[in-house]
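Have a look at the structure below, then the notes.
Remember, it's 1-based here, ligands and their atoms both numbered in the order they're listed. Positions are given from 1, in the same order as the sequence printed here.
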Amino acid sequence: MYRIALWGFGAMGSGIARNIISKVDLKLVGVHDSRVDYVGKDVGTLLGLEECGVKINGNPMEMIESSNPDLVVIATNSFVSVVKDQIASVVKKGVNVITIAEQMAHPFFTHPEEAEELHNLAVRHGVTILGTGVNPGFVLDTLVIALTGAALNVKKIRAARINDLSPFGPTVMETQGVGTSKEAFEKGIADGSIVGHIGFEQSIYMIAEAMGWTIDRIEQERKPIISNVLRETKYVKVEPGMVAGCNHTAKAYMGDECVIELEHPQQVKPELEKVDTGDYIWIEGNPDLSLCIKPEIPGGKGTIAVATNMIPAVIEADAGLLSMSDLPIPRALIGELYK
Ligand code: NAD
């Protein structure tokens with residue numbers, strides 16, 4: 001039985017908490033979130049379940065000291081600059097970390113200094129750090145690498161994740177520019193307030209490292225997906241002519257040759273304009289291989305599942321900062337059948 005704590009009880013963190021509670025091999029022992037309206041409340045009650053005896057603690061270090069976890073899942077933010085100190089403070093307590101921060105999925109090339117610092121810290125404290133999630137962490141990297149395992153040779157990799165953004169909250173709507181005008185979208189891209197997908201570089205470097213390829217440059221393009229119809233979710237209203245999402249693409253080159261091409265058009269309510277969602281991988285090589293998952297792996301459930309399912313592998317792994325390609329093949333923890 002592994003003792004698990006959570007840092008961040010938002011859309012993903014609360015889903016991970018619910019999933020951990022359902023697992024026979026995992027025990028939820030502590031939760032920290034900075035939201036004052038959560039502090040002191042029972043996690044079970046907040047999830048609409050029975051009281052579970054774990055209350056949201058407003059102080060992360062106090063939460064870790066009092067709950068003595070084997071691993072903390074950090075679900076607070078996307079960026080290395082923000083989560084680095086959170087990860088380091090957990091590692092210094094001798095506790096393993098899984099984070100769903102996109103930039104931590106493979107930070108070795110994008111953030112080499114921070115990655116080295118965290119790796120050395122983890123080794124010194126004998127614990128493991130993993131960044132993961134549905135994407136980056138699974139669809140456009142781990143799954144791609146796994147598929148190449150059945151290829152005699154690989155010349156080029158192309159993959160696409162065409163997904164529905166509707167379940168996501170205001171933060172994601174803002175970073176994707178959903179609900180804005182075309183002009184505001186373009187201004188947001190130029191000033192960095194609209195970023196599209198976070199994680200292409202991490203996925204590309206994870207794949208390239210697995211293939212033994214050295215990437216010379218990555219080109220990215222972000223285009224607004226303009227809606228022809230009214231699209232409404234719990235968090236956003238998109239009038240016809242406004243932005244329903246971001247079509248973000250990335251191409252990675254070795255010399256002049258494009259060897260990895262990733263596409264990730266994300267939008268709210270794609271079905272209103274008959275856009276089929278799905279996850280697709282095409283390997284050009286010997287033989288050519290393709291994989292299609294229709295509709296796409298849902299972003300929320302997928303992230304919650306991957307973050308939870310990797311817990312045993314991370315606790316049992318060698319110390320250091322790892323990525324998904326360093327660990328055993330992901331597999332479901334089917335705890336709910338037994339509890
Ligand atoms: P969210 O906004 O719903 O939740 C974040 C929670 O963290 C909130 O409850 C907030 O109060 C808390 N929080 C933020 N900073 C904190 C801090 N310093 N200390 C304590 N609590 C803090 O977001 P979410 O949808 O749960 O996603 C969390 C992060 O994970 C986002 O950055 C998102 O982009 C990322 N994410 C990654 C993947 C992936 O595939 N890798 C998938 C989904 C989400």
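With sequence neighbours excluded, the residues satisfying side-chain contact (heavy atoms from CB on, under 4.5 Å) with Glu239 are Leu230, Lys237, Met242. With sequence neighbours left out, Trp282 forms a ring-ring contact (aromatic ring centres under 6.0 Å, His included) with Tyr280.
Residue-ligand proximity, Gln86 to ligand 1, at heavy-atom distances under 4.0 Å covers atoms 17 (C), 18 (N). Listed by atom number, the atoms of ligand 1 under 4.0 Å from Asn135 heavy atoms are 39 (C), 40 (O). Every atom of ligand 1 with a heavy atom of Gly133 under 4.0 Å away is listed here by number and element: 39 (C), 40 (O), 41 (N). Near His32, meaning under 4.0 Å from one of its heavy atoms, ligand 1 places the atoms 19 (N), 20 (C). Taking every non-hydrogen atom of Ser78 and a distance limit under 4.0 Å, the qualifying atoms of ligand 1 come out as 31 (C), 32 (O), 33 (C), 34 (O). Close approach to Val134 involves these atoms of ligand 1, each under 4.0 Å from a residue heavy atom: 39 (C), 40 (O). The contact set between ligand 1 and Gly8, taken as ligand atoms under 4.0 Å from a residue heavy atom, comprises 7 (O).
Scanning all protein heavy atoms for the shortest distance to atom 42 (C) of ligand 1 gives Thr303 OG1, 3.1 Å. What sits closest to atom 36 (N) of ligand 1 on the protein, heavy atoms only, is Glu102 OE2, 3.5 Å. Nearest protein heavy-atom neighbour of atom 27 (O) of ligand 1: Met12 CG, 3.8 Å. Atom 4 (O) of ligand 1 has as its closest protein heavy atom Gly10 CA, 3.2 Å. If you check which protein heavy atom lies closest to atom 19 (N) of ligand 1, you get Trp7 NE1, 3.2 Å. Here the heavy atom of the protein found nearest to atom 41 (N) of ligand 1 is Ile100 O, 3.1 Å. For atom 2 (O) of ligand 1, the nearest protein heavy atom (residue, atom name, distance) is Thr171 OG1, 4.1 Å. From the protein, the heavy atom lying nearest to atom 3 (O) of ligand 1 is Ala11 N, 2.9 Å.
A donor-acceptor pair shorter than 3.5 Å cannot be found between the side chains of Gln267 and Asp164. Judged purely by distance below 3.5 Å, without hydrogens or angles, the side chains of Gln202 and Thr110 pair a donor atom with an acceptor atom. For Gln220 and His248, the side-chain atoms include at least one donor-acceptor pair closer than 3.5 Å. Side-chain N/O atoms of Thr249 and Glu263 include no donor and acceptor closer than 3.5 Å. Between the side chains of Asn163 and Glu296, no donor-acceptor pair of N or O atoms lies under 3.5 Å.
Each of Glu316, Lys23, Lys27 was scored for a side chain to side chain donor-acceptor pair (under 3.5 Å) with Tyr2, with one residue passing: Glu316.
At a 4.0 Å heavy-atom cut-off, ligand 1 does not touch Ile198 at all. Residue contacts with ligand 1 for Phe138 are absent, since no atom lies close enough (heavy atoms, distance under 4.0 Å). With a heavy-atom cut-off of 4.0 Å, Thr76 touches ligand 1 through backbone and side chain alike. Within the 4.0 Å heavy-atom criterion, the part of Asn77 lying near ligand 1 is the backbone and not the side chain.
Around atom NZ of Lys156, more than 12 heavy atoms belonging to other residues, nucleotides or ligands sit under 6.0 Å away. In the displayed structure, Asp256 atom CG is contacted under 6.0 Å by at most 12 heavy atoms of other residues, nucleotides or ligands. Counting non-hydrogen atoms of neighbouring residues, nucleotides and ligands closer than 6.0 angstrom, the CD atom of Glu116 reaches no more than 12 such neighbours.
Atom 23 (O) of ligand 1 lies below 4.0 Å from none of the non-hydrogen atoms of the protein.
Considering both main-chain and side-chain atoms, Ala101 never comes within under 3.5 Å of ligand 1 through any nitrogen or oxygen pair. For a threshold of 3.5 Å applied to N or O pairs, the pair formed by Asp33 and ligand 1 contains at least one separation below that value.
Considering Ala75, Gly131, Ser34 only, the shortest heavy-atom separation from atom 5 (C) of ligand 1 involves Ala75.
Using a 4.0 Å heavy-atom cutoff, Tyr38 is absent from the residues neighbouring ligand 1. Taking 4.0 Å as the cut-off, Thr175 does not count as a neighbour of ligand 1 on heavy-atom distance.
Taking a cutoff of 4.0 Å between a charged side-chain nitrogen and a carboxylate oxygen, Arg35 and Asp33 do not qualify as a salt bridge.
Ring planes of His264 and His197: perpendicular class, angle over 60° (limits at 30 and 60°). The aromatic rings of His106 and Phe108 sit perpendicular, their planes meeting at an angle over 60°, well past the 30° parallel limit.
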Q: Could you please spell out the steps behind the side-chain hydrogen bond (donor to acceptor under 3.5 Å, both in side chains) verdict for Gln103 and Ser78?
A: CA-CA 6 Å; Gln103 287 188 342; Ser78 304; over 6 Å; no
